[in-house]
Amino acid sequence: MKKQIRLNAFEMNCVGHQASGLWRHPRDRSWQYKDLSYWTELARLLERGLFDGLFIADVIGYYDVYGGNTEAALRDAAQIPLNDPLQLIAPVAMVTEHLGIGVTISTSYEHPYTFARRLATADHLSGGRVGWNIVTSYLDSGARNTGQQALLEHDARYQRAAEYMEVVYKLLEGSWEQAAVVRDKEKGIFAHPEKVHPIRHHGEHFRVPGVQMSEPSPQRTPLLFQAGSSGAGVNFASRHAESVFVNSHTLSGLKSYVASLREQVIANGRQGSDVLVYTLVTVIVEETDEKAQQKYEEYQRYISRPGALALISGWTGLDLAALPHDVPYPQLPEPASGLVARFAAGDTSWTLNDLADYGAIGGLGQVFVGSASTVADKLQQWVEESDVDGFNLSYVVAHETFNDVVKWLVPELQRRGVYRTHYPQGKTLREKMFGRGPLLPESHPANAYRDPARYTDDFKQEVKL
Ligand SMILES: Cc1cc2nc3c(=O)[nH]c(=O)nc-3n(C[C@H](O)[C@H](O)[C@H](O)COP(=O)(O)O)c2cc1C
């Protein structure tokens with residue numbers, strides 16, 4: 001059987017997530033992100049297109065690296081204003097039956113005790129269709145506004161995240177036994193107290209002595225996503241993640257990333273297929289190649305270079321405002337020169353303005369433009385050659401880009417037998433994604449926190465992740 005292709009929609013509770021300046025396009029409606037109907041209409045559209053999920057990115061903080069201030073970000077709505085992602089879960093769940101709903105929450109700000117309850121609530125209300133994208137964050141502005149001087153150093157953030165996961169697993173997997181809730185009206189017992197365990201967590205970053213507040217939700221731990229690409233990031237993903245987002249600008253780079261991730265997953269006692277990998281792509285698809293190209297060129301007329309550079313400066317931590325924007329990159333100092341070179345594909349005439357133009361449509365991901373047949377060829381080639389499982393699709397114009405995908409691309413992929421024609425069995429996101437039960441498999445490190453004996457007074461051994 002040909003390898004199947006999975007699609008995921010990449011969104012954010014803001015204006016023009018990865019489409020800098022495109023909010024000015026007459027057909028764009030991303031500025032309506034504040035309206036429930038924006039999200040419910042999108043969710044229905046994606047479910048018609050049999051997408052795995054609507055996945056909502058998030059950051060805490062704002063993009064103030066470019067020029068050392070928030071001017072460009074605010075003027076161009078570069079991920080500010082930005083609303084809370086978790087509140088979108090219930091309305092999206094209400095209008096859909098199958099669609100997964102992923103939310104990004106950082107381990108660097110919220111305490112795991114309050115967060116575990118918010119996550120469990122979302123899993124309850126969605127009937128188990130929630131995914132959590134675990135991020136460690138990259139904006140210092142978020143740290144400064146939450147009482148920290150700055151973000152912890154990169155690898156220390158991942159170490160803290162590992163302990164964060166330990167607390168979350170203890171609360172979601174261990175604190176309440178499955179048989180704790182009996183709702184026995186005759187005996188007057190709602191939950192057996194002896195089956196609800198204090199987790200007694202006493203770690204370097206967190207102290208959580210007591211019990212989880214929510215009763216177990218359909219997936220207990222929602223489906224775990226991650227997007228780390230550094231050594232520490234891939235190490236973390238290979239232990240915890242069930243789905244990984246990656247942004248690779250070359251097919252060969254993607255192929256080696258997927259192979260090395262799967263190797264590390266296996267080294268951690270899991271199976272290579274326990275992790276699904278999605279790569280970031282923006283698809284501009286139309287009836288013919290010519291029409292798609294025209295649409296792409298039309299979109300490019302609305303680009304905001306300062307908006308794109310505000311995002312890129314925030315992602316990389318480099319203040320690009322201080323550098324000339326119109327000189328070929330070999331004349332720029334490092335590390336800016338190397339940054340442009342990564343995307344210039346050998347064209348040494350590229351400038352910072354070219355990088356801005358590239359990044360303004362789809363962030364720094366790939367852009368595939370063409371008829372359904374042209375784009376389907378490309379997607380199939382990427383999946384077959386790199387062993388990636390699917391694509392994390394950004395939009396240019398909301399909801400036109402996703403509408404075009406559902407209208408043109410999905411039927412073409414179905415005709416080729418590489419895309420589903422109905423949703424898989426199962427109620428929860430984990431069942432649909434992996435075709436097995438709603439809970440994390442035994443090979444996952446969370447399993448170490450399930451045994452009730454672990455939470456009795458005499459347990460001695462800490463299982464380290
Ligand atoms: C497709 C994709 C989506 C991401 N979404 C978010 C996000 O919503 N919020 C966030 O703080 N970081 C996000 N990241 C950044 C990652 O969490 C991570 O910081 C980045 O990939 C660098 O990895 P590293 O820290 O392991 O080097 C995303 C990365 C990728 C590739």
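Start at 1 and go down the list; that is how both ligands and their atoms are numbered. Quick note: numbers below take in every heavy atom, side chains included, and nothing from hydrogens, waters or symmetry partners.
- Regarding atom 12 (N) of ligand 1, its nearest protein heavy-atom neighbour is Tyr138 CE2, 3.4 Å.
- Comparing heavy-atom distances from atom 9 (N) of ligand 1 across Val135, Ile56, Asp58, Val59 singles out Asp58 as nearest.
- No side-chain N or O of Asp58 forms a donor-acceptor pair with one of Thr104 less than 3.5 Å apart.
- By the 4.0 Å heavy-atom criterion, Tyr158 is counted among the residues contacting ligand 1.
- Per-residue contacts place Asn392 under 4.0 angstrom from the following atoms of ligand 1 (heavy atoms of the residue considered): 1 (C).
- Between the side chains of Gln32 and Asp35, not a single donor N or O lies within less than 3.5 Å of an accepting N or O.
- Looking only at protein heavy atoms, the nearest one to atom 23 (O) of ligand 1 is Ser229 N, 3.2 Å.
- The closest approach between a heavy atom of Phe10 and any atom of ligand 1 is below 4.0 Å.
- Nearest to atom 29 (C) of ligand 1 among the protein's heavy atoms is Ala227 CB, 3.5 Å.
- Nearest protein heavy-atom neighbour of atom 26 (O) of ligand 1: Ser230 OG, 2.6 Å.
- Atoms of ligand 1 found under 4.0 Å from any heavy atom of Ala57, numbered from 1 in the order shown, are 8 (O).
- Near His154, meaning under 4.0 Å from one of its heavy atoms, ligand 1 places the atoms 24 (P), 25 (O), 26 (O), 27 (O).
- Residue-to-ligand polar distances keep Thr136 apart from ligand 1: every N/O pair is separated by 3.5 Å or more.
- With ring centers used as reference points, Phe236 lies under 6.0 Å from His240.
- Here the two rings, on Phe343 and His249, have centers that are under 6.0 Å apart.
- Close approach to Thr104 involves these atoms of ligand 1, each under 4.0 Å from a residue heavy atom: 7 (C), 8 (O), 9 (N).
- Note: His25 NE2 to Glu298 CD = 3.5 Å, rounded to the nearest 0.5 Å.
- Atom 31 (C) of ligand 1 has as its closest protein heavy atom Asn247 N, 3.8 Å.
- The closest side-chain donor-acceptor pair between Ser37 and Thr40, if any, does not fall under 3.5 angstrom.
- Interatomic distance, CD of Gln366 versus OG of Ser248, reported as 7.5 Å (0.5 Å rounding).
- Taking the six-membered ring wherever Trp is involved, the centroid distance between the rings of Trp382 and Phe368 falls below 6.0 Å.
- In this structure, Ser106 has no heavy atom closer than 4.0 Å to ligand 1.
- Close contacts of ligand 1 with Gly233, meaning ligand atoms under 4.0 Å from a residue heavy atom, involve 26 (O).
- Of the N and O atoms on the side chains of Tyr62 and Asn145, at least one donor lies less than 3.5 Å from an acceptor on the other residue.
- Interface atoms of ligand 1 facing Gly228, defined by a heavy-atom separation under 4.0 Å, are 23 (O), 26 (O).
- A donor atom on one side chain and an acceptor atom on the other are not found under 3.5 Å apart for Ser443 and Gln271.
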